[in-house]
Amino acid sequence: MREAYDKFQSNTSGKNADYIPFLAQVDSKMFGVAVVSTDNQVFSIGEVNYAFSIQSISKVYTLALAMEELGADRVFDRIGSEPTGRAFNSVTAVVEMPTHTGNPLVNAGAIATTSLILGKDANDKWNKILDFYSRAAGEKLTLIDEVYKSEAATNAGNKALSMLLAKYERIYADPFESVDIYTKQCSVGVNVIQLARMGATLANNGKNPVTGEQVIKAENVPYILSTMTMAGLYDGSGGWAWKVGLPAKSGVGGGIVAIVPGKGAIAVFSPRLDEAGNSVKAQRGHRVRG
Ligand code: GLU
């Protein structure tokens, strides 16, 4: 881990996400790596205290929660699991794909997955999601209000996706309410160790290695990992599978978490992204095959 950290620390390729104004001004030099094993050994280096926004990595855990509530089959029927071959926020994918939703890890499919979460009102659904993420991390997580506000003020694209899904009857609650809850889930703050712990819960067949709680049903974990392998790094997923080969998920906040089933998880944080929206240094930091 130290070797990878030293090797890539000075890399300045890529740039911060700037379509969410808050993310554009995050210190792009930050770089942190954490490994958490299924028996909760923690190894970390670099920027381990900064809470960055989880962004798209949240999609994995909302998928897990939807499966807890509805079962894997119903989630598969309502969302599907096909690669889109397009950008994470693609409108044409919604129009052209037979399922319209694509898969739970692109924006359209993720917003539809959020719309599946049951609750008496928006607040109830949101609290349930935040509580579920906190249980996966083994400690209380919170919303970064500045990220939420910045993203909520600029999320016309996601609102458009939600209305398009409504046209195809592939969103299952009020479209704008679902986008708002989705925007909140993307704005949850995690440091790199908390993110690795969330990953370690998946690596440990759904059981949190710190609290011992079975957060995700073990039978659902293979569906989650296969979806991550297929679409966790968007259009970079095939290259990632070739070069790294671990189920993983990236977020435009600069985080990537990769799962080593039965052993643990590796989380890397660095804000500069490549064209596909994946952190450049986090990908390098994970790369073990040259
Ligand atoms: N909140 C971001 C969006 O909806 C998440 C995208 C990502 O992390 O890739 O655009």
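Everything quoted here is computed from the prediction, not taken from an experiment. Read the numbers this way: they start at 1 and go in the same order the structure lists the ligands and their atoms.
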Handout entry: N158 versus N107, side-chain donor and acceptor atoms under 3.5 Å
Key =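 On atom types as modelled, these side chains qualify, holding a pair under 3.5 Å.
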Exercise for the section: Kindly write out the residues that satisfy side chain to side chain contact (heavy atoms under 4.5 Å, CB included) with P222, not counting sequence neighbours, or none if the list is empty. Expected result: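 Testing P222 for side chain to side chain contact (heavy atoms under 4.5 Å, CB included), a comparison that skips the adjacent residues, returns none.
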Exercise for the section: Can you sort out the partners of D131 under side chain to side chain contact (heavy atoms under 4.5 Å, CB included), two or more places apart, ordered by chain and number? Expected result: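 With sequence neighbours excluded, D131 shows a side chain to side chain contact (heavy atoms under 4.5 Å, CB included) to R135, given in chain and number order.
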Exercise for the section: Could you tell me whether R74 and E69 make a salt bridge, using a distance below 4.0 angstrom between a side-chain N and a carboxylate O? Expected result: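 A salt bridge is absent here (no side-chain N lies under 4.0 Å from a carboxylate O).
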Handout entry: Pair F31 and Y5, ring centroids less than 6.0 Å apart
Key =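 They qualify: ring centres under 6.0 Å apart.
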Problem - Qualifying ring pair (Phe, Tyr, Trp, His ring centres under 6.0 Å) pairs with a residue from residues 117-139, counting only residues at least two apart or across chains - result: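 Not a single pair qualifies under ring pair (Phe, Tyr, Trp, His ring centres under 6.0 Å).
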Exercise for the section: Check each protein residue for a heavy atom under 4.0 Å from ligand 1 and list those that pass, ordered by chain and number. Expected result: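 Near ligand 1, by chain and number: Y19, Q55, S56, F88, N107, E151, N158, Y182, C186, Y234, G251, V252.
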